[in-house]
Amino acid sequence: MASYVIRGARPLQGEVSISGSKNAALGIIPAAMLLDGPCRIENLPDIADVNILLEICRSIGAQVLQHPDGSVDIDPRTIETSEATHEKARSIRASYYLMGALLGRVRKATLFMPGGCDFGTRPIDQHIKGFEAMGATVGIEYGRIRLEAERLAGEHIFLDVVSVGATINLMIAAVKAEGVTVIENAAREPHIVDVANFLNTMGANVRGAGTDVIKIVGVPVLPGGCTYSVIPDQIEAGTYMLAAAATGGDVVVRNLIPKHMEPLTAKMAEIGIALEEGDDWIRVLPGGERAAANVKTMPYPGFPTDLQPQTMVLLCLCEGVSRMTENVWESRFQFVDDLKMMGANVTTASHTAIVEGPVKLTGATVTAHDLRAGAAMVLAGLAAEGTTEVCDVRIIERGYENFVGKLRALGADIARVEP
Ligand code: UD1
């Protein structure tokens, strides 16, 4: 397993440009499987999850042509099977959007039960509830989920929990269903709006994405034939902002949407970190007192759970006692033991972590437990005195394009090492 070796305690300096949003791309690619014509998607991040998903789309017969500039031409008219059971589909969670896409396209789908990062149980009951309400029968056998609908009809669906995945999956399925679908208590994340914008550009009729009520008027044909550019990655941008702050650096993070960063910029300002902001950039400035803060993760526009581990690293370096409450995932503090090996003073109980700071972080050998926890370990290594080795980093590369290259360009002493 590859690892990153980091010699820390160097403030990051310079500029970094943010890639296309992973979570938007992972919704848009399956959504493209609905089309009755070709499309071009631009600004896709070059990360393992996207490349695996494109490979799965090829395996069901879609024509997929990737270009070096991060764009891809997709023509799904050649899809010849409803069985998306490529071996790699087990490893990525977003393959489950092919449930909605294939159900919408051919009224049936067979997939492996979804994989992805381990934050405790990750049920898909809200997806299934919605598909059933629209007329599908759903069965689970031998680790596979089978969906079939003679008729897929629009319905009024109230989600019991605010779920990004269920919102996107049901929105995709509803685009070519008969009649009107209303999803209530929908998630409002920027990537949901981006998937809806993509679908509308291609000929769908989706209204209300970004609010908690989304209305989809089904269309019989989705012509496609257009080009669509994926939004910048809110979580990648936040990770670099936090890396700059944790190292006391001076970094301009370019090609982001400042509005999407508000939950983080508000919290960083509360901590005492000076920020400057332009139309599509945010600069994190060094200096200033850093005070403890309480953070609660919530669905958007609340503080994103996918920035929780990276934020915890910064809180370790702040003066006083911070409280981090994880409200989205039941088990997202597994990385805390590794952080403690680096000198962090954190105690966890159930959904809350109490962080006492400031501490001096020191290098250690730690593991990337999941994508964002792995990124947090890298941030801790960048801030720590001495050498840190972050093991099993492939999981980080599922979600960060050219992580090592971008950090090195900011002056970090980080190297990727194969065993
Ligand atoms: C997506 C993101 C992930 C992020 C999460 C929350 C992708 C590929 N992944 O994951 O990075 O951490 O949103 O912002 O976009 N739940 C149910 N039943 C369901 C579905 C979800 O109870 O059918 C619960 C989950 O257990 C969790 C909460 O709802 O507690 C949120 O999950 P959800 O928003 O669905 O997350 P994902 O779409 O899997």
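Order of listing sets the numbers, starting from 1, for every ligand and every atom in it.
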Return a yes/no value for Lys22: is any of its N or O atoms, backbone included, closer than 3.5 angstrom to an N or O of ligand 1?
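No, there is no polar N/O contact under 3.5 Å.
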Any nitrogen or oxygen of Gln126 lying under 3.5 Å from a nitrogen or oxygen in ligand 1? Just yes or no.
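Checking ligand 1 against Gln126, an N or O pair does fall under 3.5 Å apart.
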Closest to [atom] (judged by heavy-atom distance), picking from [options]:
atom	options	result
atom 32 (O) of ligand 1	Trp329, Tyr300, Tyr96	Trp329
atom 20 (C) of ligand 1	Ala166, Pro123, Ala94	Pro123
atom 30 (O) of ligand 1	Asp49, Val328, Leu307, Thr305	Val328

Can a non-hydrogen atom of Ala187 be found less than 4.0 Å from any atom of ligand 1?
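Not so, Ala187 does not reach ligand 1.
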For ligand 1, is there an atom lying under 4.0 Å from some heavy atom of Arg332?
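For ligand 1, residue contact (heavy atoms, under 4.0 Å) with Arg332 is present.
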Distance alone, cut at 3.5 Å: any donor-acceptor contact between the side chains of Lys406 and Ser19?
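Yes - a donor-acceptor pair under 3.5 Å links their side chains.
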Quick one: do the Asn402 and Asp46 side chains pair a donor with an acceptor below 3.5 Å?
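Judged by distance alone, the side chains do not pair up.
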Side chain, backbone, both or neither: which part of [X] has a heavy atom under 4.0 Å from ligand 1?
X	answer
Val164	both
Arg93	side chain
Val161	side chain

Using a 4.0 Å cutoff against the non-hydrogen atoms of Gly165, which atoms of ligand 1 qualify?
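What qualifies from ligand 1 is 35 (O), 38 (O).
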Distance filter under 4.0 Å to His127 heavy atoms, resulting ligand 1 atoms:
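Near His127, the atoms of ligand 1 are 23 (O).
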Is the backbone N or O of Asn294 less than 3.5 Å from a side-chain atom of Lys267, with the two atoms forming a donor-acceptor pair by type?
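Between the backbone of Asn294 and the side chain of Lys267 there is a qualifying donor-acceptor contact (under 3.5 Å).
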Solution key, residues 309-316 side-chain donor-acceptor pairs under 3.5 Å, sequence neighbours excluded:
{"residue": "Gln310", "atom": "NE2", "partner": "Thr239", "partner atom": "OG1", "Å": "3.2"}
{"residue": "Gln310", "atom": "NE2", "partner": "Asp306", "partner atom": "O", "Å": "3.0"}
{"residue": "Gln310", "atom": "NE2", "partner": "Tyr400", "partner atom": "OH", "Å": "3.4"}
{"residue": "Thr311", "atom": "OG1", "partner": "Leu307", "partner atom": "O", "Å": "2.6"}

Side-chain polar contacts of residues 129-145 - donor-acceptor pairs under 3.5 angstrom, sequence neighbours left out - could you list them?
{"residue": "Lys129", "atom": "NZ", "partner": "Phe158", "partner atom": "O", "Å": "2.6"}
{"residue": "Lys129", "atom": "NZ", "partner": "Asp160", "partner atom": "OD1", "Å": "2.8"}
{"residue": "Thr137", "atom": "OG1", "partner": "Glu148", "partner atom": "O", "Å": "3.3"}

Does Lys176 pair with Asp36 as a salt bridge, N-O distance under 4.0 Å?
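Here Lys176 pairs with Asp36 in a salt bridge, since their nearest N and O are under 4.0 Å apart.
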Determine, stepwise, if the pair His127 / Ser163 fulfils side-chain contact (heavy atoms from CB on, under 4.5 Å).
CA-CA 9 Å; His127 306 234; Ser163 160; 4.2 Å; yes
Show the numbers, then the answer: is there a side-chain contact (heavy atoms from CB on, under 4.5 Å) between His67 and Asp73?
CA-CA 8 Å; His67 302 287; Asp73 290 319; 2.6 Å; yes
